[in-house]
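Have a look at the structure below before the remarks.
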Amino acid sequence: MGHSFLVVGGGVIGLSTAYHLQRDNPDALVTLVEAKSRTCSGNSAKSAALYRNLYSSDTARALSESSISYYLQIADRIALKPSGYLWTFTRAQWRHYEESARALVSAVREARILGRPEILDRYRFDEAEDGDDRAYAAILGGRCGSLSAQLLGAHYEELFLAAGGILHRGRPIAELRLSTGAGKEFIAAVDENGESLEADTFIIATGCWLQDLLGPAGIASGVYAKKRQLFTLKLDKPELLYTQSAASAIPPNIILPSGGVYLKPVVQRGCFVVGRADDLGRAFEHPYGPVSAAMAESEYFKSMIEPELRRHFPALDGEFPNGLPLANSWAGHYDYYWPDRNPVIERIANLVWVGGSSGSGIMKADAIGRIAAGKAAGLSELMLPQGGADGETLRFIVDDLSLRNRNVKQETLVL
């Protein structure tokens, strides 16, 4: 048996990394260890599981374009629904973003700009012309939609095991053990029972738990956890939000022009999943606790999300004068890399860590896994399938996502 790798973390990023590592290094021994009894049951399972190629930075677009291309090939296996994205802007926002928006549309596949008349022809936005906070323009992205995070994780797990990988479930790692003396390197990952898992190279893909493992070893990941909440709005009348022509098709996910509120239609269940990007005032959390401890706040929905929904879709007032009906709610965490909101894949000694997906890990998971696997195997560059703007294979410099040799632009389109 050749080189041995130990991947810690069985979310969608860890699973993708482990699979690509085993596939690309068939003579290696690759082991994946997951704290829970099931893989992809932590923050990956708490996601809205949306995907899009609408990003401001070249790096984020390359990671998403390549991943989406792969997901479309396995659409039936991961319940992929190419419903699209409607990203709306007020008049004032459009004056500021129009040039960038037009550049973005020209740089990605299957996207176009809608003016206010086209928006109102499809969606039940407030038709009043006064005020500067109405939906004035929008980017309509066709290479966007939703999928099942659990099915995507199960897909990678199946491929990983079929390629010869080894999986340990229900084995939380408590400590990374270093060698003594000069020239330190990592020799083992120690679980909560004190049992060691040894390897030649360690890959830590624990998302929000990164710093909990890396900090005691003297490593600053730069990745922090912030809570994100999702609410299921019971709404079996899509005509309250969509015109008849739009409601007859698969309705797109909608990003409102104010408040960072977004809606994911789940037509077959007669509901919408809604959330909001609440950055300022929402504390980062460290140390990060169990994902099961993250609770959605009903008051947050009532005070921060519901008013935005009512303001932009006035038909909701007549239908639900006493409050919008919620069927369910949950919360998870994003692992943020604050400076530029792009992923971090770094190496020190014989340890690689991957994180900082900033809420878009699922939609970039395949590409991130390929790059993290390449980093662990010592590659300086690799070819990212269909990562280019026109669907061509893209040459990617692995160190571009490192901390020490970072070469990415700040990503501004973050939810």
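Source: prediction; values computed, not measured.
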Residue [X] excluded, over 12 heavy atoms near [atom1] under 6.0 Å:
X: Glu99; atom1: CD; answer: no
X: Arg406; atom1: CZ; answer: yes
X: Met295; atom1: CE; answer: no
X: Tyr97; atom1: OH; answer: no
X: Tyr224; atom1: OH; answer: no

Donor + acceptor pair across side chains of [X], [Y] (<3.5 Å):
X: Asp335; Y: Ser357; answer: yes
X: Ser221; Y: Gln211; answer: yes
X: Arg143; Y: Ser69; answer: yes
X: Ser4; Y: Asp200; answer: yes
X: Thr201; Y: His3; answer: yes
X: Asn53; Y: Glu65; answer: yes

[Y] backbone acceptor or donor facing [X] side chain under 3.5 Å:
X: Ser64; Y: Met363; answer: no
X: Ser360; Y: Ser358; answer: no
X: Thr17; Y: Ile13; answer: yes
X: Arg52; Y: Cys144; answer: no
X: Ser66; Y: Leu63; answer: no
X: Lys226; Y: Tyr336; answer: no
X: Tyr262; Y: Trp87; answer: no
X: Arg116; Y: Glu118; answer: no
X: Thr206; Y: Gly9; answer: no
X: Glu411; Y: Ser56; answer: yes

Specify the closest pair of heavy atoms between [X] and [Y], including all atoms of both residues, with the distance to one decimal.
X: Ser67; Y: Ala367; result: OG-N, 3.0 Å
X: Ala365; Y: Val12; result: CB-CG2, 3.9 Å
X: Ala138; Y: Leu86; result: CB-CD1, 3.7 Å

Spacing of [X] atom [atom1] and [Y] atom [atom2] [to the nearest 0.5 Å]:
X: Ile371; Y: Leu379; atom1: CD1; atom2: CG; answer: 11.0 Å
X: Ile368; Y: Leu401; atom1: CD1; atom2: CG; answer: 8.0 Å
X: Trp94; Y: Ile113; atom1: CH2; atom2: CD1; answer: 4.0 Å
X: Trp209; Y: Asn43; atom1: CH2; atom2: CG; answer: 5.0 Å
X: Ile305; Y: Phe231; atom1: CD1; atom2: CZ; answer: 5.0 Å
X: Leu263; Y: Leu309; atom1: CG; atom2: CG; answer: 5.5 Å

Mind checking whether [X] and [Y] have side chains closer than 4.5 Å, heavy atoms only?
X: Pro257; Y: Tyr136; answer: no
X: Ile254; Y: Phe272; answer: no
X: Phe202; Y: Asn350; answer: yes
X: Glu157; Y: Glu34; answer: no
X: Leu235; Y: Leu316; answer: yes
X: Phe125; Y: Leu256; answer: yes
X: Pro252; Y: Tyr242; answer: yes
X: Ile397; Y: Asn407; answer: no

Taking only Lys NZ, Arg NE, NH1 and NH2, and the carboxylate oxygens of Asp or Glu, determine whether [X] and [Y] approach each other closer than 4.0 Å.
X: Asp390; Y: Arg109; result: no
X: Glu297; Y: Arg282; result: yes
X: Glu239; Y: Arg124; result: no
X: Glu308; Y: Arg311; result: yes

Applying salt bridge (Lys or Arg N to Asp or Glu O under 4.0 Å), name anything that partners Arg171, two or more places apart in sequence or on another chain.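 By the salt bridge (Lys or Arg N to Asp or Glu O under 4.0 Å) rule, Arg171 matches Asp191, Glu195.
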Can a cation-pi geometry be assigned to Lys227 and Tyr300, taking NZ or CZ under 6.0 Å from the six-membered ring centre and within 45° of the ring axis?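 No; the conditions do not both hold, so Lys227 does not lie above the ring face of Tyr300.
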For the residue pair Tyr70 and Tyr156, does the interplanar ring angle fall in the parallel (under 30°), tilted (30 to 60°) or perpendicular (over 60°) class?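 Aromatic pair Tyr70/Tyr156 classed parallel.
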Would you please test Asp340 and Ser57 for side chain to side chain contact (heavy atoms under 4.5 Å, CB included) and show each step? CA-CA 9 Å; Asp340 57 48; Ser57 75; over 6 Å; no
Checking side chain to side chain contact (heavy atoms under 4.5 Å, CB included) for the pair Thr232/Val266: CA distance, chi angles, key distance, verdict? CA-CA 9 Å; Thr232 301; Val266 189; over 6 Å; no
My understanding is that only one of Val190, Ile204, Leu197 makes a side-chain contact (heavy atoms from CB on, under 4.5 Å) with Ile173; could you say which?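 Only match with Ile173 under side-chain contact (heavy atoms from CB on, under 4.5 Å): Leu197.
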I need the single residue from His155, His20, Gln22 that forms a side-chain contact (heavy atoms from CB on, under 4.5 Å) with Phe160. Which is it?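 Among the candidates, only Gln22 passes.
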Test side chain to side chain contact (heavy atoms under 4.5 Å, CB included) applied to Asn328 and Val273, step by step: CA-CA 9 Å; Asn328 193 16; Val273 174; over 6 Å; no
How far apart are the C-alpha atoms of Leu324 and Arg310, what are their side-chain angles, what is the distance that settles it, and do they pass the side chain to side chain contact (heavy atoms under 4.5 Å, CB included) test? CA-CA 9 Å; Leu324 299 181; Arg310 290 183 178 278; 3.9 Å; yes
